[in-house]
Amino acid sequence: SVRVYKNDEIPDTIIRKCLENALKAPTSSNLQTWEIYWVKSNKNKNDLIKACFSQPAAKTAKELFVFVSRPDLWRRNNQMMIDYLNEKKNTPVSVLKYYNKITKLAYNQGFMNIFGFLKKLYVSIVGLYRVIPREPTSFNDMKVWSQKTTALACQNFMLSMRAYGFDTCPMEGFDSSRLKKTLKLPKKAQICMVIAAGKRDPNGVYGKQFRFDNKLFIKEV
């Protein structure tokens, strides 16, 4: 994480390539429930900096991006997958069945989560006897599901920026309510993280990277 940047411009061609690379990240069921906001207007950028508590990574960044998970768009994207598969020749029947039936059962939680509640009862009982997918059975599960996908896009974007000679800082310190208002996001949209980008200042890395003992985290079972 680079927290202070020089005033060097990032060429638009590189930014657009990195954004394209972000969207090449793996995504569950290929439903791509994400959005990336490249904040360009001075007003929105100033509002975003304030929403990020004016931390140096936000204040000095040449460019700012907001990665948003959109679990509420799964139906639209699922239909786009069906349309795409119907246009292709020789699409396997199992793939068509997956998007026409299985995803609609898996991701639909119903009015006031009634269907999700019934699914949870079903999987709790059936799961006693056989292996069965247990989530999602609520919109909270859907948020987790979509955030995983969006976080992978964030990592792709950050690695792409580094490959082109620029640096980034992923920020979770922000006022999500104000940020949603700035971006005019609907209630069900979830901000994954704000990413600052630019050419690193010599003082941009605050300290040498420190990690705890690998044995605490890497388990061989």
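The basis for the numbers below is simple: all heavy atoms, side chains too, and nothing from hydrogens, waters or symmetry mates. Keep in mind that what you see is a predicted model, and the values were worked out from it rather than measured.
Summarising the geometry, atom CD belonging to Glu9 is positioned 12.0 Å from atom CD1 belonging to Ile14; distances are rounded to the nearest 0.5 Å. Taking CZ of Phe174 as the start and CD1 of Ile49 as the end, the distance is 15.0 Å to the nearest 0.5 Å. The SG atom of Cys18 lies 10.0 Å from the CG atom of Asn156; values are rounded to the nearest 0.5 Å. Put simply, OG on Ser69 and CD on Gln147 are 3.5 Å apart, with the number rounded to the nearest 0.5 Å. Of the inter-residue distances, the one linking Gln79 atom CD with Asn86 atom CG reads 8.0 Å to the nearest 0.5 angstrom. Considering OG of Ser138 and NZ of Lys119, their distance stands at 9.0 Å, rounded to 0.5 Å.
The environment of CZ in Phe217 is crowded: more than 12 heavy-atom neighbours from other residues, nucleotides or ligands sit within 6.0 Å. Environment of CG in Asn7: sparse, with no more than 12 heavy atoms of neighbouring residues, nucleotides or ligands closer than 6.0 Å. A 6.0 Å sphere centred on NZ of Lys50 holds no more than 12 heavy atoms belonging to other residues, nucleotides or ligands. Atom CZ of Arg178 sits in a sparse spot, with 12 or fewer heavy atoms from other residues, nucleotides or ligands closer than 6.0 Å. At most 12 non-hydrogen atoms from other residues, nucleotides or ligands lie less than 6.0 angstrom from NZ of Lys120. Residue Tyr84 qualifies as open at atom OH: its count of foreign heavy atoms under 6.0 Å is 12 or below. Remark: Tyr206 OH is packed, more than 12 non-hydrogen atoms of other residues, nucleotides or ligands lying under 6.0 Å away. Within 6.0 Å of NZ on Lys59 lie no more than 12 heavy atoms contributed by other residues, nucleotides or ligands.
Closest heavy-atom contact between Ser28 and Trp145: OG-NE1, 2.8 Å. Contact detail for Ala189 and Arg70: the closest heavy-atom pair is CB-CD, 3.5 Å. Scanning all heavy atoms of the two residues, the minimum distance from Ala61 to Tyr5 falls at CA-CD1, 3.7 Å. Minimum interatomic distance between Met193 and Pro170 (heavy atoms only, all atoms of both residues): SD-CB, 3.5 Å. In plain terms, the two heavy atoms of Ile132 and Gly127 that are nearest each other are CG2-CA, 3.7 Å. Of all heavy-atom pairs spanning Thr137 and Gln109, the tightest one is C-OE1, 3.1 Å.
A donor-acceptor distance shorter than 3.5 angstrom exists from the side chain of Asn77 to the backbone of Leu31, with no hydrogens or angles considered. A donor-acceptor contact shorter than 3.5 Å is absent between the side chain of Lys97 and the backbone of Ile102. Without hydrogens or angle criteria, Tyr164 side chain to Ile10 main chain gives no donor-acceptor distance under 3.5 Å. Of the possible polar contacts, none joining the Ser146 side chain to the Met142 backbone as a donor-acceptor pair under 3.5 Å is found.
The closest side-chain heavy-atom distance from Tyr98 to Ser29 is below 4.5 Å. Put simply, the side chain of Thr149 does not reach to within 4.5 Å of the side chain of Gln32, judged on heavy atoms. Side-chain atoms of Leu85 and Val95, non-hydrogen and from C-beta on, do get closer than 4.5 Å to each other. Side-chain contact check for Val66 versus Val68: some heavy-atom pair is nearer than 4.5 Å. Inter-residue side-chain proximity for Lys17 and Ser160 is flagged as unmet; no heavy-atom pair is nearer than 4.5 Å. Within the 4.5 Å cutoff, no side-chain heavy atoms of Arg200 are placed close to those of Arg3. Tyr37 is listed as a side-chain neighbour of Leu185, based on a closest heavy-atom distance under 4.5 Å.
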Might you work through the side-chain hydrogen bond (donor to acceptor under 3.5 Å, both in side chains) test for Asn140 and Lys143, ending with a clear yes or no?
CA-CA 5 Å; Asn140 280 337; Lys143 288 191 287 187; 3.1 Å; yes
Would Phe65 and Thr168 count as a side-chain contact (heavy atoms from CB on, under 4.5 Å) if you check the C-alpha gap in whole Å, the side-chain angles of each, and the deciding distance to 0.1 Å?
CA-CA 10 Å; Phe65 306 86; Thr168 56; over 6 Å; no
Could you walk me through whether Asp12 and Trp38 pass side-chain contact (heavy atoms from CB on, under 4.5 Å), step by step?
CA-CA 11 Å; Asp12 276 12; Trp38 178 4; 3.8 Å; yes
Checking Lys104 against Ile82 for the side-chain contact (heavy atoms from CB on, under 4.5 Å) test, could you report, in this order, the C-alpha distance in whole Å, the side-chain angles of both residues, the deciding distance, and whether it holds?
CA-CA 12 Å; Lys104 292 178 181 179; Ile82 293 171; 4.1 Å; yes
Apply the test salt bridge (Lys or Arg N to Asp or Glu O under 4.0 Å) to residues Lys215 and Asp213: give CA-CA distance (whole Å), side-chain angles for both, the deciding distance (0.1 Å), then the verdict.
CA-CA 5 Å; Lys215 293 177 182 177; Asp213 190 329; 5.3 Å; no
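In this structure, Leu23 is a member of the same hydrophobic cluster as Ile195, with clusters built from ILVMFWY side-chain heavy atoms closer than 4.5 Å. Using a 4.5 Å cut-off between side-chain heavy atoms of Ile, Leu, Val, Met, Phe, Trp and Tyr, with links allowed through other members, Leu96 and Tyr107 fall into the same hydrophobic cluster. Linking ILVMFWY side-chain heavy atoms closer than 4.5 Å, directly or via other members, places Leu73 and Tyr99 in two distinct hydrophobic clusters. Hydrophobic clustering places Val39 together with Met171 (ILVMFWY residues linked when any side-chain heavy atoms are closer than 4.5 Å, directly or through intermediates). No chain of hydrophobic side-chain contacts below 4.5 Å, direct or via other Ile, Leu, Val, Met, Phe, Trp or Tyr residues, connects Ile36 to Leu183.
Ion pairing between a basic and an acidic side chain is recognised when a charged N comes within 4.0 Å of a carboxylate O; Asp8 and Lys6 show no such pairing.
Cation-pi geometry between Lys199 and Phe166 is satisfied (NZ or CZ under 6.0 Å from the ring centre, within 45° of the ring normal).
Of the residues Asp83, Thr103, Thr33, the one that meets the side chain to side chain donor-acceptor pair (under 3.5 Å) test with Asn78 is Thr103.
For Phe67, the ring pair (Phe, Tyr, Trp, His ring centres under 6.0 Å) partners two or more places apart in sequence, or in a different chain, are Phe157.
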